[in-house]
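Here is the structure we will look at, set down as structure tokens.
Quick note on labels: first sequence line is chain A, next is B, and so on, each numbered from 1.
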Number of protein chains: 2
Amino acid sequence: MGRLPLFQNSIVVNILAVLRWSGLLLPMAACVGTLCAVFLWALDHVTDYRFAHPGLLWFLPVAGVVVGLAYHWFGRSAEGGNNLIVDQIHEPGGGVPLRMAPLVLIATVVSHLFGASVGREGTAVQIGGSIASGFARLFRLDDNGVRIILMAGIAAGFGAVFGTPVAGAVFAMEVLSIGCIDYRALVPVAAASILADMVCHSWGIHHVPYRIGFAGYPDLSGQIFHTDPVLLLKVGVASVCFGLTSLLFAESVHRLSPVFRTLCPIAWLRPAIGGVLTIALVFIAGSRDYLGLGVVAATPDGASILNFFHPGDYTWSWLWKLVFTVAALSTGFKGGEVTPLFFIGAGLGHTLSTFLGVPTDLLAAVGFVAVFAGAANTPLACTFMGVELFGATDVIYIATGCFIAYLCSGHSGIYLSQRIGVPKA
Amino acid sequence: MGRLPLFQNSIVVNILAVLRWSGLLLPMAACVGTLCAVFLWALDHVTDYRFAHPGLLWFLPVAGVVVGLAYHWFGRSAEGGNNLIVDQIHEPGGGVPLRMAPLVLIATVVSHLFGASVGREGTAVQIGGSIASGFARLFRLDDNGVRIILMAGIAAGFGAVFGTPVAGAVFAMEVLSIGCIDYRALVPVAAASILADMVCHSWGIHHVPYRIGFAGYPDLSGQIFHTDPVLLLKVGVASVCFGLTSLLFAESVHRLSPVFRTLCPIAWLRPAIGGVLTIALVFIAGSRDYLGLGVVAATPDGASILNFFHPGDYTWSWLWKLVFTVAALSTGFKGGEVTPLFFIGAGLGHTLSTFLGVPTDLLAAVGFVAVFAGAANTPLACTFMGVELFGATDVIYIATGCFIAYLCSGHSGIYLSQRIGVPKA
């Protein structure tokens, strides 16, 4: 007698919970997806505008100061960025301010208009976290609810901005702590990520498609088999380099930031240094290819993520992009580090492919996700991202790249508020 | 001064650790891959032989007793099966006996020859765990080393037997506890899984290829976009059914096993009941399609995993397979539950696809991995398995299926030694 009513009761409770969470997550994800669409649309336009007006670069120091002043006057806790969101998931407290979304969106677009070498994932994650926190306050969620909706916000932003919803969902769970993942928010993060990506797409936003021509070597019987031992070993060696590059990137940002803080204690003035440094770097490198996102270049043969999938001479592009990005981020430009990490990884993969005799498109794809996996300590999310961007054929190599880069990148990572759940070795 | 020698020292330590682990993992994975090749080869042959000699079914009760007696005389702790391995990872103690590998291999092949409805993953995992534990004793590993090599053994067995190395690696980490995953063994499990799959393949073993014709609907602009909201909702509804089916399966085995133990306290005699039940079920169902693995059927139109990807009348096949498999497993037949779960999931997906108006191949594929994800509480491993078997195009639907089925399947699962890390809700 006791079981059936209990079972029915539990069904009613579950249906109510699903309805309540749907009522929260659907509008939240729709907002985040829409803002990400606006952001990507603006990013495309300012990038094209910058390509057409290279002189804008001269105003980068001033643009940096304007962004700095905006945060100085209006920012308050929004300055905390991604780290504030991760902190609020670990220990819900003051929440994430709603002002973070418009501030970071405008600041990133301005940074890109004048050519700062920054990314877009930080912006998307902050839009997601800020909107999600607004919903949490509106619906007076308890601590557990706040945690789940903030993770869903991160997933929505990440999934929509890169067009990789499964990676977005796993990223939101994986980024909180190094070395472990907790499934409490599994379905909410996936729902938010998929919905935000769908809404972003429905606004007419299309993501750059990547194609890997390499489809594996035939085995003795003539069939294509996914694992070639020699190729796997070469990808493994390259992945150690990818992991060390992640470490180099994260350490450079962490060590240079305090140097710039000492050099210029006024926070809003600091991006001016980054702007001047970027202008100087353009002249030293003799190229503007390392400004902005870097997904496509201003010239057909320029160094860009897309071009790294084809033959060409881009030997040191990865290192230049690293230097440009460290200069921008450690002096306070907004936008995030992930797209530059894609550039660094794909570029390094391109370069190593020549030395190691590996198909260029394959190693560019592996580097694309592996350097990010090492820097963010998110190997499973990055493997899913590889699958979503490059297809399933080379999943063995993508997983190898992400797992080894994760192991070799140390414990510092790009997110300072990420906790160490399970140490790497 | 202090940093460089420390850095060099740490490089030497790391290289030594890599060499030491390679020396352990490579031969272990090669052994496991070879034994899995033998196992799969034997399975193919006994299945063909059984198709040609249907009368073998009459001897199933006797075969069950022979298997029971083999475990009674020689089995000792090997009787613990998968649960013993998972227990030894949580608390390394007596280890996993080497005799487990040959015993389970022969017992499973005998079970399949006479038509018991069992799987093959239990066998593969036990071969992996048993060989890995042998290496752990040989090299006198400490508790931490034992944990890692046992997980690598599970990964090797799983990766090789299904030809899905990334899923094998994630499965070995994910199966230990519900609701969380720990990356300590990330690279060792991936290395073992990939290598074992490669060795198994190099012995000439080929896995059945699955093809999903469905490639998504075009959006308003004519482009194929991965998420169709109506389709996603339908897949979500089906996934609740998949999760409840996982729950039904696990609960049935857990509740019927003690009933059969009470009915027949002599363990080695108990499979005879399962054999008699199976014979009776064949006559009630009027079909032999639910015997054995079920990947292919004896007749072209028979109920089988492969046929569930095409139109046909298989409405209650999933339920019959569930009953056949519960009868075999709860009376002590060996082999595991995963391939039957694939059958149940793909069959239920086939049936639901007609009611919901979803492409049959898509929902069969989602059910294939989702019912297993719910029953084993391994949503990420099963999503990777879906990608490795069915490609990346439908990863959104595969992830949705696995995540929702995981959420709806409760905390019992098919592995009793699995711990609850983070409760589901």
Side-chain angles (χ1 to χ4, degrees), chain A residues 14 17-18 163-166 169-170 174 178-184 186-187 189-191 194-195 197-198 201-202 204 206 219-221 223 225-229 232 236 377 379-380 383-384 386-393 395-396 398-400 402-404 406-408 421-425, chain B residues 13-14 17 163 165-166 169-170 174 178-184 186-187 189-191 194-195 197-198 201-202 204 206 219-221 223 225-229 232 236 240 377 379-380 383-384 386-393 395-396 398-400 402-404 406-408 421-425:
Chain A
N14 283 334
V18 167
T164 56
V166 179
V170 177
E174 205 175 26
I178 296 180
C180 60
I181 183 170
D182 158 343
Y183 291 1
R184 218 177 305 243
L186 189 68
V187 171
V189 293
I194 292 174
L195 187 76
D197 172 52
M198 202 159 66
H201 176 87
S202 71
H206 293 277
D219 63 12
L220 292 176
S221 70
Q223 273 197 316
F225 178 65
H226 44 235
T227 319
D228 178 81
L232 190 70
N377 293 306
L380 294 188
T383 305
F384 276 117
V387 166
E388 290 183 288
L389 293 178
F390 311 118
T393 318
V395 60
I396 297 281
I398 290 168
T400 300
C402 293
F403 291 11
I404 292 182
Y406 164 80
L407 190 67
C408 297
V422 177
K424 292 188 186 180
Chain B
V13 169
N14 282 333
V166 178
V170 177
E174 205 176 26
I178 296 180
C180 60
I181 181 170
D182 158 345
Y183 292 0
R184 220 176 305 242
L186 189 69
V187 170
V189 293
I194 293 174
L195 188 76
D197 172 52
M198 202 160 66
H201 176 87
S202 73
H206 293 277
D219 63 12
L220 292 177
S221 72
Q223 273 198 317
F225 178 64
H226 43 236
T227 318
D228 178 81
L232 190 70
V240 174
N377 293 307
L380 294 188
T383 305
F384 276 118
V387 166
E388 290 183 288
L389 293 178
F390 310 118
T393 316
V395 60
I396 297 280
I398 290 168
T400 300
C402 293
F403 292 10
I404 292 183
Y406 164 80
L407 190 68
C408 298
V422 177
K424 292 188 186 180

Which portion of V395(B) sits near chain A, non-hydrogen atoms under 4.5 angstrom: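 It is both, since atoms from each part get that close.
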Residue S202(B) versus chain A: region with a heavy atom under 4.5 Å: neither
Less than 4.5 Å to any heavy atom of chain B: does that hold for the side chain of [X], its backbone, both, or neither?
X: L380(A); answer: both
X: V387(A); answer: both
X: Y406(A); answer: side chain

Contact between [X] and [Y] at the side-chain level, heavy atoms closer than 4.5 Å - yes or no?
X: C180(B); Y: Y183(A); answer: no
X: F225(A); Y: D197(B); answer: yes
X: F384(A); Y: T383(B); answer: yes

D228(B): side chain to side chain contact (heavy atoms under 4.5 Å, CB included) partners, not counting sequence neighbours: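 For D228(B) the side chain to side chain contact (heavy atoms under 4.5 Å, CB included) partners, ignoring immediate neighbours, are Y217(B), V230(B), L231(B), Y397(B).
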Any donor-acceptor N/O pair, E388(B) side chain to V166(B) backbone, under 3.5 Å: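 Here the side-chain-to-backbone pair exists.
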Best-contacting candidate, I181(B), V187(B), L195(B), I404(B), against chain A by heavy atom pairs under 4.5 angstrom: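 Of the candidates given, the most pairs with chain A belong to I181(B).
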Most chain A-contacting option - heavy-atom pairs closer than 4.5 Å, from A190(B), P379(B), G421(B): P379(B)
Residue, of I178(A), T227(A), L186(A), that accumulates the most heavy atom pairs under 4.5 Å with chain B: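 Answer, by heavy-atom pair count under 4.5 Å with chain B: L186(A).
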Best-contacting candidate, I396(A), V170(A), I398(A), L232(A), against chain B by heavy atom pairs under 4.5 angstrom: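 Heavy-atom pairs under 4.5 Å are most numerous for I396(A).
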Derivation and outcome, side chain to side chain contact (heavy atoms under 4.5 Å, CB included), residues K424(B) and N377(B): CA-CA 10 Å; K424(B) 292 188 186 180; N377(B) 293 307; 2.7 Å; yes
H206(A) and H201(A) aromatic ring geometry - parallel, tilted or perpendicular at 30°/60° bounds: perpendicular
